[in-house]
Amino acid sequence: MAKKESYAVIGIGQFGASICESLVRAGQEVLAIDINEDVINELANSVMRAVVADAQDEDTLRELDIGSFDHVYISIGKNIEASIMATLIAKDLGATDVTCRAENANHARVLERVGADRVVRPEHDLAKRLIFQQLNPSVVDYVTLSKETTLAEIIIDNPKFVGKTLDELDFRNKYNVNVIIIVSADDQVNQMPQANDVIQLHDKVTVVGQLKDIQKLNDIVN
């Protein structure tokens with residue numbers, strides 16, 4: 001189980017409610033905040049605490065001790081001004097990890113400038129992910145770690161890779177990626193692959209590298 005931490009979720013629309021649900025399922029401590037009393041009443045019995053409050057009110061967020069939470073999610077919907085003010089106040093009150101939902105690119109830019117540590121655009125990001133996976137069918141899943149680094153899980157379907165060791169395949173020098181995990185077709189997980197480990201057909205190989213290099217590898221293994 002993941003380490004228990006404290007989360008404040010501000011704005012309980014569909015996205016915010018999904019975050020709360022996932023956190024509660026993971027055994028985390030969740031404070032839900034929304035200006036709509038009906039929304040809060042629906043969550044009252046599932047989260048640690050649910051509060052009706054205006055996230056643009058600095059005194060209210062101070063009373064809720066927002067700055068002490070390990071993580072703050074600001075998922076206010078189309079009220080862009082409210083999301084910006086809530087972000088600014090949360091950072092001013094000492095919140096060290098603030099993730100915000102943005103409606104568009106301009107909104108995202110402003111949130112970053114007022115101090116958001118992470119900005120997500122769920123619909124935009126989902127569309128990008130869908131298209132990426134359709135264009136790169138061997139990539140089972142991927143996570144962008146930074147602007148320069150991506151972690152991806154790739155299925156090995158090319159017979160030229162099968163029966164060869166990691167040393168022989170030399171992913172680092174030939175493809176500019178590092179192999180960190182191998183999962184076999186029967187779901188056996190090798191978390192510390194060694195140079196003499198042999199790749200088999202349909203193995204899922206988790207690699208770390210630049211996105212362009214992972215895409216090139218996808219073309220080869222597909």
Side-chain angles (χ1 to χ4, degrees), residues 1-129 142-151 208:
M1 178 179 287
K3 179 180 70 173
K4 182 172 287 190
E5 295 185 302
S6 58
Y7 293 78
V9 182
I10 301 174
I12 312 301
Q14 185 174 1
F15 184 62
S18 295
I19 290 175
C20 288
E21 181 182 346
S22 297
L23 289 171
V24 169
R25 192 181 300 119
Q28 301 300 309
E29 298 178 353
V30 181
L31 166 65
I33 302 171
D34 197 278
I35 201 167
N36 187 322
E37 184 175 358
D38 292 336
V39 169
I40 289 301
N41 287 339
E42 288 182 10
L43 279 179
N45 294 325
S46 59
V47 299
M48 178 186 69
R49 187 181 179 194
V51 176
V52 179
D54 182 355
Q56 298 181 81
D57 187 331
E58 182 172 349
D59 290 337
T60 297
L61 293 188
R62 181 179 286 107
E63 288 177 8
L64 292 170
D65 201 14
I66 285 296
S68 71
F69 282 78
D70 295 312
H71 309 280
V72 177
Y73 284 86
I74 298 176
S75 57
I76 298 172
K78 297 186 181 300
N79 190 338
I80 292 176
E81 180 180 351
S83 76
I84 293 169
M85 285 302 301
T87 302
L88 184 61
I89 292 169
K91 294 303 293 185
D92 283 348
L93 293 177
T96 57
D97 183 36
V98 177
T99 299
C100 300
R101 175 186 177 175
E103 290 294 307
N104 53 54
N106 288 335
H107 186 196
R109 190 176 300 115
V110 174
L111 288 170
E112 289 171 349
R113 289 183 178 177
V114 299
D117 299 284
R118 191 180 302 102
V119 177
V120 297
R121 295 169 56 193
E123 294 83 1
H124 175 267
D125 295 341
L126 178 59
K128 283 178 61 179
R129 191 178 191 87
Y142 76 98
V143 178
T144 300
L145 302 178
S146 71
K147 291 181 179 180
E148 298 296 328
T149 308
T150 297
L151 181 149
V208 176

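On a predicted model such as this, the values are computed, not experimentally measured, just so you know. Hydrogens, waters and symmetry mates are skipped; everything else that's a heavy atom, side chains included, is used.
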- prompt: Knowing that exactly one of Asp92, Ile89, Val72 qualifies, which makes a side-chain contact (heavy atoms from CB on, under 4.5 Å) with Ile66?
  reply: Val72
Distance-minimising heavy-atom pair for [X] and [Y]:
{"X": "Glu5", "Y": "Gln28", "value": "N-OE1, 2.6 Å"}
{"X": "Val98", "Y": "Asp117", "value": "N-OD2, 2.8 Å"}
{"X": "Leu43", "Y": "Ala32", "value": "CD1-CB, 3.9 Å"}

[atom1]/[X] to [atom2]/[Y] distance, rounded to the nearest 0.5 angstrom?
{"X": "Asp65", "Y": "Leu93", "atom1": "CG", "atom2": "CG", "result": "9.0 Å"}
{"X": "Ile33", "Y": "Ile40", "atom1": "CD1", "atom2": "CD1", "result": "8.0 Å"}
{"X": "Cys20", "Y": "Leu31", "atom1": "SG", "atom2": "CG", "result": "8.5 Å"}
{"X": "Arg101", "Y": "Ile76", "atom1": "CZ", "atom2": "CD1", "result": "11.0 Å"}
{"X": "Ile74", "Y": "Arg118", "atom1": "CD1", "atom2": "CZ", "result": "12.5 Å"}
{"X": "Glu81", "Y": "Gln56", "atom1": "CD", "atom2": "CD", "result": "5.5 Å"}

Taking the side chain as everything from C-beta on, heavy atoms only, tell me whether [X] gets closer than 4.5 Å to [Y].
{"X": "Ser75", "Y": "Val9", "answer": "yes"}
{"X": "Val24", "Y": "Glu21", "answer": "no"}
{"X": "Glu42", "Y": "Val39", "answer": "no"}
{"X": "Asn104", "Y": "Ile80", "answer": "yes"}

- request: Would you confirm whether Thr99, through its side chain, and Tyr73, through its main-chain N or O, come within 3.5 Å as a donor-acceptor pair?
  value: no
